[in-house]
Engineer: 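Sharing a structure, written as structure tokens. Questions coming.
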Amino acid sequence: MGEGRGSANSLSVITVLVLCMFVFHPKMIHAETYIVGDGKGWSFGVQNWPSGKTFKEGDILVFNYTPVIHNVVTVKEFGYNSCVALGGSKLYLSGADKVTLVKGMNYFICGIPGHCNLGMKIAVNAI
């Protein structure tokens with residue numbers, strides 16, 4: 001009889017932990033995944049891709065590109081406007097990068113010289 005009781009307690013603890021995860025991380029439950037540039041992918045002239053879309057904190061952007069040719073760099077507003085990645089910028093190189101949006105403005109550029117100036121950058125506001 002004692003064996004069954006321990007199993008019930010373990011199940012109760014697991015159930016409570018799972019419920020807490022949903023209560024304390026509701027944004028993760030409703031997160032959307034977006035392919036940057038849609039079928040075109042992370043490429044030149046993508047800077048208007050976010051227009052008309054509503055992004056939320058916790059949404060995931062997927063940057064698809066050829067890693068030898070492009071990359072993705074998270075930058076601050078200055079880096080976005082000047083097309084310069086300063087120290088502290090995060091560099092992605094996989095060619096299928098997944099980035100979770102934080103609340104507020106999120107800025108991304110291609111760090112390959114000249115690419116950002118050709119429109120390979122996006123600014124996304126997550127609410």
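Residue numbers start at 1 and run along the sequence shown. Side-chain atoms are counted along with the backbone in the values below, which use heavy atoms only and exclude waters and symmetry mates.
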Engineer: On a heavy-atom basis, which atom in Ser43 and which in Met120 lie closest, and how many Å separate them?
Structural biologist: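 Looks like O-CG, 3.5 Å.
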Engineer: Kindly indicate, with the supporting measurements, whether the criterion ring-ring contact (aromatic ring centres under 6.0 Å, His included) is fulfilled by Phe44 and His70.
Structural biologist: CA-CA 10 Å; Phe44 299 110; His70 302 300; 5.4 Å; yes
Engineer: Counting heavy atoms not belonging to Lys56, are there more than 12 under 6.0 Å from its NZ?
Structural biologist: yes
Engineer: Which heavy atom of Ala31 sits nearest to which heavy atom of Gly58, and what is that distance?
Structural biologist: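 Scanning both residues completely, I find the closest heavy atoms to be CB-O, 3.3 Å.
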Engineer: Run the side chain to side chain contact (heavy atoms under 4.5 Å, CB included) check on Ile35 and Asn64 step by step: do they pass?
Structural biologist: CA-CA 7 Å; Ile35 307 296; Asn64 292 322; 3.6 Å; yes
Engineer: Given the rule in the side chain to side chain contact (heavy atoms under 4.5 Å, CB included) test, do Ile122 and Val46 qualify, once you have shown the distances and angles that lead to the verdict?
Structural biologist: CA-CA 7 Å; Ile122 60 170; Val46 75; 4.0 Å; yes
Engineer: Enumerate the disulfide bond (SG atoms under 2.5 Å apart) contacts for residues 34-78, please, sequence neighbours excluded, ordered by first and then second residue.
Structural biologist: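 For residues 34-78: none.
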Engineer: Would a hydrophobic clustering, with Ile, Leu, Val, Met, Phe, Trp and Tyr connected at side-chain separations under 4.5 Å, put Tyr34 with Trp42?
Structural biologist: yes
Engineer: If every non-hydrogen atom of Ser94 is compared with every non-hydrogen atom of Pro67, which pair is closest and at what distance?
Structural biologist: O-CG, 3.5 Å
Engineer: Are there more than 12 heavy atoms of other residues, nucleotides or ligands under 6.0 Å from atom NZ of Lys98?
Structural biologist: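 Check fails, neighbour count at 12 or below.
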Engineer: Locate the shortest heavy-atom distance separating Asp59 from Thr54; write the atom from each residue and the value.
Structural biologist: OD2-O, 4.4 Å
Engineer: How far apart are the C-alpha atoms of Val99 and Ile60, what are their side-chain angles, what is the distance that settles it, and do they pass the side chain to side chain contact (heavy atoms under 4.5 Å, CB included) test?
Structural biologist: CA-CA 5 Å; Val99 181; Ile60 299 166; over 6 Å; no
Engineer: Evaluate whether atom NZ of Lys53 has more than 12 neighbouring non-hydrogen atoms of other residues, nucleotides or ligands under 6.0 angstrom away.
Structural biologist: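 More than 12 within 6.0 Å, yes.
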Engineer: Report the distance from atom NZ of Lys76 to atom OG of Ser82, rounding to the nearest 0.5 Å.
Structural biologist: 13.5 Å
Engineer: Will you find, in the side chains of Tyr65 and Asp97, an N or O donor that is under 3.5 Å from an N or O acceptor?
Structural biologist: yes
Engineer: Search all heavy atoms of Gln47 against all heavy atoms of Gly119 and return the closest pair with its distance.
Structural biologist: OE1-O, 2.8 Å
Engineer: Could you check Ile112 against Asn71 for side chain to side chain contact (heavy atoms under 4.5 Å, CB included), going step by step and ending with a plain yes or no?
Structural biologist: CA-CA 7 Å; Ile112 304 298; Asn71 61 33; 3.7 Å; yes
Engineer: If you define the side chain from C-beta out and look only at heavy atoms, does anything of Thr74 sit under 4.5 Å from Asn106?
Structural biologist: no
Engineer: How about Cys110 and Cys116, are their SG atoms within less than 2.5 Å of each other?
Structural biologist: no
Engineer: Which residues, ordered by chain and number, are linked to Tyr107 in its hydrophobic cluster, where ILVMFWY side chains connect at heavy-atom gaps below 4.5 Å, directly or through other members?
Structural biologist: Val73, Val75, Tyr80, Leu91, Leu93, Met105, Ile109
Engineer: Could you label the plane-to-plane angle of the Phe55 and Trp49 rings as parallel, tilted or perpendicular, counting under 30° as parallel and over 60° as perpendicular?
Structural biologist: tilted
Engineer: When Ile, Leu, Val, Met, Phe, Trp and Tyr are grouped by side-chain heavy atoms lying under 4.5 Å apart, directly or through other members, which residues fall in the same group as Val84?
Structural biologist: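 Phe78, Leu86, listed by chain and number.
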